[in-house]
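Just so it is clear, the structure is predicted and the values come from calculations on it, not from any experiment.
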Amino acid sequence: MPVAIITGASKGLGRALAAALAGRGWDLVVDARSAGPLEEAARELRAAGQGAGRGTAARVVALPGDVADAGHRAALVAAAGELGGLDLLVNNASVLGAEPLVRLADHPLDGLRAALEVNVVAPLGLIQEVMPLLRMPSYSPSYEEVAPRVDSALSGDGDGNSEAYDPHPDTKNVRNAGSSDSPPYIGTGGAILNISSDAAVEAYPTWGGYGAAKAALDQQSAVLAVEEPGLRVWWVDPGDMRTDLYAAAVPDDDASGRPLPETVVPGLLRLLDGGAPSGRYRAAAIPGELTSR
């Protein structure tokens with residue numbers, strides 16, 4: 001069975017995606033900073049895997065810790081190796097840098113450093129650790145044997161998130177990330193999914209520190225896609241969601257009308273099912289719908 005590492009998997013989008021993959025028969029390595037919620041999530045994930053028709057519970061390794069810690073990242077990768085390898089890395093863990101969010105004039109510099117460390121440096125550190133495993137995935141570049149492919153409208157016509165943002169304006173094939181002389185995508189390795197934000201490309205008041213970190217993650221992902229044509233590298237804006245992170249960012253806002261993280265998961269699964277090329281995607285809130293712009 002394919003293997004995934006998912007950071008920040010005790011709640012929110014990380015937990016929702018992990019549950020969907022466990023239900024498809026994936027083995028998982030999951031982490032979070034709080035041991036109690038993580039172990040509770042792991043129990044549910046094992047049960048979801050047992051319902052996937054494999055007869056036994058999914059293999060789920062839950063390792064509490066901070067992704068900013070190099071030793072913890074190494075432990076995550078070692079656990080994936082013990083499960084047989086790695087097919088998918090999901091860099092989902094994130095911090096705001098200030099809770100609640102504040103204007104840049106008031107933003108604590110230590111908070112910005114923490115946001116860059118967790119949202120940018122830690123994902124790269126984990127990518128560096130897993131690269132040998134991803135270059136030789138444990139299962140297959142295609143996961144249609146685990147779950148039938150769902151035909152999707154993946155366009156791959158660019159990787160900006162709005163009309164005003166297009167870091168590669170001359171690109172029609174996002175898998176080569178804007179370079180006309182980039183090597184062709186050879187599709188022999190696994191996939192990396194970096195969870196971004198619309199704050200990376202839009203100027204929202206008080207979201208400057210967090211947005212700057214996510215913008216750096218976007219650029220890092222785009223360069224990685226050029227440097228590693230054998231891997232699929234996706235950086236995805238999940239859109240509005242009702243999460244604890246948002247509640248901490250804007251505690252006075254009524255988030256009751258915001259979509260639940262589970263509504264984003266079908267779009268992320270379509271990346272896997274459709275073998276989408278590397279690029280920046282914006283996952284719509286409608287289940288199963290995904291756009292690349």
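The shortest side-chain heavy-atom distance between V95 and R33 falls under the 4.5 Å cut-off. In this structure the side chain of K214 reaches within 4.5 angstrom of the side chain of S94, judged on heavy atoms. The shortest side-chain heavy-atom distance between I6 and V29 does not fall under the 4.5 Å cut-off. In this structure, L126 and V77 have side chains that are in contact, with non-hydrogen atoms separated by less than 4.5 Å. Between V250 and W207, some side-chain heavy-atom pair lies under the 4.5 Å cut-off. The shortest distance between side-chain heavy atoms of L217 and W235 does not fall below 4.5 Å. For the pair L268/L13, a side-chain contact is recorded, criterion being any heavy-atom separation below 4.5 Å from C-beta on. Between P261 and M241, some side-chain heavy-atom pair lies under the 4.5 Å cut-off.
Within a 6.0 Å sphere centred on CZ of R258, other residues, nucleotides and ligands contribute more than 12 heavy atoms.
In this structure, the separation between CG on N91 and CD1 on I192 is 7.5 Å, given to the nearest 0.5 Å. One distance of note links NE2 of H72 with OG1 of T7; it measures 8.0 Å at 0.5 Å rounding. Annotation: the span from Q219 atom CD to R280 atom CZ amounts to 11.5 Å, rounded to 0.5 Å. The line from CG of L224 to CD of Q128 is 9.5 Å long, rounded to the nearest 0.5 Å. Going from atom CG of L260 over to atom CZ of R242 covers 4.0 Å, rounded to the nearest 0.5 Å. Rounding to the nearest 0.5 Å gives a distance of 9.0 Å between CE of M131 and CG of L89.
Taken together through direct or relayed side-chain contacts under 4.5 Å among Ile, Leu, Val, Met, Phe, Trp and Tyr, L269 and W26 form part of one hydrophobic cluster. Linking Ile, Leu, Val, Met, Phe, Trp and Tyr residues whenever their side-chain heavy atoms come within less than 4.5 Å places L17 and L38 in a single cluster. When hydrophobic clusters are built by joining Ile, Leu, Val, Met, Phe, Trp and Tyr residues whose side-chain heavy atoms come closer than 4.5 Å, directly or via intermediates, L193 is not grouped with V118. The cluster map of Ile, Leu, Val, Met, Phe, Trp and Tyr, joined by side-chain heavy atoms under 4.5 Å apart, puts V130 and V233 in the same cluster.
By the 4.0 Å N-to-carboxylate-O rule, D273 lies close enough to R24 to be salt-bridged with it.
Closest approach of A9 to A41, counting heavy atoms only: O-CB, 3.9 Å. Minimum heavy-atom separation, A20 to V265: CB-CG1, 3.5 Å. Minimum heavy-atom separation, G85 to L133: CA-CD2, 4.3 Å. V120 approaches A213 most closely through the heavy-atom pair CG2-O, 3.1 Å. When every heavy atom of H107 is checked against every heavy atom of A98, the shortest pair comes out as NE2-CB, 4.0 Å. Of all heavy-atom pairs spanning G8 and A93, the tightest one is N-CB, 3.8 Å.
R59 places a side-chain N or O within donor-acceptor distance of the main-chain N or O of L83, the cut-off being under 3.5 Å. Listed for the S34 side chain is no donor-acceptor partner under 3.5 Å among the backbone atoms of G36. Within the 3.5 Å criterion, the main-chain N or O of A68 finds a donor-acceptor partner in the side chain of D66. No side-chain donor-acceptor contact under 3.5 Å links T206 to the backbone of V102. Checking side-chain atoms of W234 against main-chain N and O of P277 turns up a donor-acceptor pair under 3.5 Å. Judged by distance alone, the side chain of E44 and the main-chain N or O of A19 form no donor-acceptor pair under 3.5 Å.
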Can L28 and V3 be said to form a side chain to side chain contact (heavy atoms under 4.5 Å, CB included), step by step?
CA-CA 6 Å; L28 303 172; V3 178; over 6 Å; no
D27 and V60: CA distance, side-chain angles, deciding distance, side chain to side chain contact (heavy atoms under 4.5 Å, CB included) verdict:
CA-CA 6 Å; D27 292 324; V60 178; over 6 Å; no
Applying side chain to side chain contact (heavy atoms under 4.5 Å, CB included), run through E262 and R15 and close with a yes or a no.
CA-CA 9 Å; E262 287 79 3; R15 183 167 179 168; over 6 Å; no
Criterion side chain to side chain contact (heavy atoms under 4.5 Å, CB included) on R113 and E117, from CA distance to verdict:
CA-CA 6 Å; R113 292 187 187 97; E117 187 69 31; over 6 Å; no
Step by step, would you call E39 with R46 a salt bridge (Lys or Arg N to Asp or Glu O under 4.0 Å)?
CA-CA 11 Å; E39 186 52 43; R46 294 183 186 106; 3.2 Å; yes
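Side-chain N/O atoms of Y246 and D240 include no donor and acceptor closer than 3.5 Å. For the residue pair Y210/N119, the side-chain donor-acceptor check at 3.5 Å is not satisfied. For the residue pair S196/D218, the side-chain donor-acceptor check at 3.5 Å is satisfied. In summary, the side chains of S221 and N194 do present a donor paired with an acceptor at a separation below 3.5 Å, with no hydrogens or angles considered.
Among L63, D31, D87, L86, the one residue that satisfies the side chain to side chain contact (heavy atoms under 4.5 Å, CB included) test with I5 is L86.
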